[in-house]
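Okay, here's the structure, questions in a sec.
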Amino acid sequence: MPNVIAVIWDFDKTLIDGYMQTPIFKRYGVDEAKFWKEVNRLPDEYKKQGVQVNKDTVYLNHLIKYVKDGKMEGLNNASLKEFGKEQNFYPGVVDLIKNMQQELDAMAKADEKNYKEYDIKVENYIVSTGIKKVIEGTELVSCVEGIWGCELIDAPVSGKANEREISEVGYTIDNTTKTRALFEINKGIPQNPDIDVNAKMDAASRRVKFNHMIYIADGPSDVPAFSVVNKFGGATFAVYPKKDKNAFRQVEKLREDGRIDMYAEADYSKDTTAHMWIMNKVKEIADQIYNEEKAKLQASISGVPRHLV
């Protein structure tokens, strides 16, 4: 089994500047601010009916309503994937993810270490309350090990041959159930889908240790995931958009409260704080694994019987 370091990313406002739905609203001429205001009112409106809804994912129902009302005609899973090509990634983040393993290996070589000797590798994952199909349409799909996001079901459009539109919610992930994704990564479910996340598994059989995880997100909504990673000895990091004082104060409060280890401006270009901290933490974990594996090997060699003199 490889020694895996898992870097786990939120998507909206962490990898991209803003929300992934923005290109969709632009394409259909929908007022984005109005849409989100309507979404924010929905929990209270449904509460008056005696119905409780999930604040993190109720936007999906509203998106489907816009489609059914003709405001987003023809929006389906295929077109959602196309919107992945229009995402506005923060500077440097795509290159960082694509080249993380090579950069780690170069750092090891500079220290005269060979991480491949102990099969030490870094993997990237995306865990989002956004739409999975949009993420799958981005250039990151080929360089991440797993993606979690909400999924929508599309269906034939009545009276229109060969046309489909999103019509139902298929799968949701919210800021609490993001922690389930962490346990799935821990147990290696992306590589072995037949494993039940609730199945009992001893620590030695788990593919990614929690203290080998780095969780990166943008704010208080990710506190449950931050808490799980922190509890088991992993690393946590938050980002804020450049010049956004409110977002800065938000992540500083997270740091003061011990929710995160570090934060920086959302620029992942070479030699920025975000880039240096993430790669330094990846190498720190890699060195820890390397030293532990080397110690195990030396202990096994020292235990070989010798001739008595």
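Position 1 is the first residue of the sequence; numbering continues from there. Please read these numbers as outputs of a predicted model, since none were measured by experiment.
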key: Salt-bridge present (Lys48, Asp44; N to O < 4.0 Å)   =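 The answer is no: the pair does not qualify as a salt bridge.
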ask   = Quick one: do Asp222 and Lys178 make a salt bridge, cutoff under 4.0 Å?
value =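 Result for this pair is yes, salt bridge flagged.
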key: Considering all heavy atoms, the nearest Met100-Ile278 contact   =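 Met100 and Ile278 have their closest heavy atoms at CE-CG2, 4.2 Å.
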query = Under 3.5 Å, is there a donor-acceptor pair between the side chain of Ser128 and the main chain of Gly149?
reply =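 No; zero donor-acceptor contacts below 3.5 Å.
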key: Atom OH of Tyr28: over 12 foreign heavy atoms under 6.0 Å   =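 Correct, the count exceeds 12.
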query = Going by distance alone, is a donor N or O of one side chain under 3.5 Å from an acceptor N or O of the other, for Tyr263 and Glu252?
reply =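 Glu252 and Tyr263 do have a side-chain donor-acceptor pair below 3.5 Å.
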query = Do Tyr215 and Phe237 have their ring centres less than 6.0 Å from each other?
reply =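 No, the ring centres sit 6.0 Å or more apart.
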inquiry  = I need the single residue from Arg255, Lys253, Arg259 that forms a salt bridge (charged side-chain N to carboxylate O under 4.0 Å, His left out) with Asp257. Which is it?
reply    =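 Result: among Arg255, Lys253, Arg259, Lys253 is the only option passing the salt bridge (charged side-chain N to carboxylate O under 4.0 Å, His left out) with Asp257.
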task = Report yes or no: do Gln101 and Glu123 form a side-chain donor-acceptor pair below 3.5 Å?
result =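 Short answer, no.
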request  = Would you check if the distance from the ring center of Phe35 to the ring center of Tyr66 is below 6.0 Å?
outcome  =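 Yes.
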ask   = Is it true that Glu184 and Arg180 make a salt bridge, defined as a side-chain N closer than 4.0 Å to a carboxylate O?
value =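 Judged by the 4.0 Å cut-off on N to carboxylate O distance, Glu184 and Arg180 do form a salt bridge.
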message = Among Glu32, Glu86, Glu73, exactly one meets salt bridge (charged side-chain N to carboxylate O under 4.0 Å, His left out) together with Arg27. Which residue is that?
response =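 Testing each of Glu32, Glu86, Glu73 against Arg27, the sole residue satisfying salt bridge (charged side-chain N to carboxylate O under 4.0 Å, His left out) is Glu86.
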ask   = So, are Lys270 and Asp95 salt-bridged, with charged N and O less than 4.0 Å apart?
value =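 No, Lys270 and Asp95 are not salt-bridged.
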ask   = Are Lys187 and Asp196 close enough for a salt bridge, meaning some N to O gap below 4.0 Å?
value =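 A salt bridge is absent here (no side-chain N lies under 4.0 Å from a carboxylate O).
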query = If you count the non-hydrogen atoms of other residues, nucleotides and ligands that lie under 6.0 Å from NZ in Lys283, is the total more than 12?
reply =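 Yes, enclosed.
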message = Could you tell me if Ser227 and Asn230 have a donor-acceptor pair between their side chains, going purely by distance under 3.5 Å?
response =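 Judged by distance alone, the side chains do not pair up.
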query = Just wondering, are more than 12 heavy atoms of other shown residues or ligands nearer than 6.0 Å to CD in Gln52?
reply =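 At most 12 heavy atoms, drawn from other residues, nucleotides or ligands, come within 6.0 Å of this atom.
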key: Heavy-atom pair with the smallest gap, counting every atom of Tyr125 and Pro190   =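 Shortest heavy-atom contact: CE2-CG, 4.1 Å.
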message = With a 4.0 Å cut-off on N to O distance, would you call Glu139 and Lys98 a salt bridge?
response =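 Looking at Glu139 and Lys98, the cut-off is met.
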inquiry  = For residues Ile131 and Phe25: do they belong to one hydrophobic cluster (side chain heavy atoms under 4.5 Å, members Ile, Leu, Val, Met, Phe, Trp, Tyr)?
reply    =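 Yes, same cluster.
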ask   = Which is it for Tyr240 and Gln250 under the side chain to side chain contact (heavy atoms under 4.5 Å, CB included) test, yes or no, and what are the steps along the way?
value = CA-CA 9 Å; Tyr240 65 93; Gln250 190 169 261; over 6 Å; no
query = Is a side-chain donor or acceptor of Asn3 paired with a backbone partner of Ile289 at a separation under 3.5 angstrom?
reply =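 Answer holds: no.
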task = Would you indicate whether the side-chain heavy atoms of Phe248 and Asp244 approach each other to under 4.5 Å?
result =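 Counting from C-beta outward, Asp244 and Phe248 never come under 4.5 Å.
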query = Is any NZ, NE, NH1 or NH2 atom of the basic residue among Glu45 and Lys47 found under 4.0 Å from an Asp or Glu carboxylate oxygen of the other?
reply =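 Judged by the 4.0 Å cut-off on N to carboxylate O distance, Glu45 and Lys47 do not form a salt bridge.
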task = Could you tell me whether the side chains of Tyr19 and Lys13 share a donor-acceptor contact shorter than 3.5 Å?
result =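 Yes, a side-chain donor-acceptor pair sits under 3.5 Å.
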request  = Go through the steps to decide whether Lys85 and Glu82 satisfy the test salt bridge (Lys or Arg N to Asp or Glu O under 4.0 Å), and finish with yes or no.
outcome  = CA-CA 6 Å; Lys85 298 174 183 176; Glu82 287 298 310; 3.1 Å; yes
Check: Phe210 and Leu182 side chains under 4.5 Å, non-hydrogen atoms =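 Contact flag for Leu182/Phe210 side chains = yes.
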query = Is the closest basic N to carboxylate O distance between Asp105 and Lys109 below 4.0 Å?
reply =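 Salt bridge between Asp105 and Lys109, a charged N being under 4.0 Å from a carboxylate O: no.
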message = Are the side chains of Arg249 and Asn246 in contact, using a 4.5 Å heavy-atom criterion?
response =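 Sidechains of Arg249 and Asn246: in contact.
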query = Does any N or O in the side chain of Thr236 come within less than 3.5 Å of the main-chain N or O of Phe226, such that one atom is a donor and the other an acceptor?
reply =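 Judged by distance alone, no pair lies under 3.5 Å.
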query = Any sub-3.5 Å donor-acceptor pair from Asn99's side-chain atoms to Gln102's backbone N or O?
reply =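 Pair absent, no side-chain N/O of Asn99 close to backbone of Gln102.
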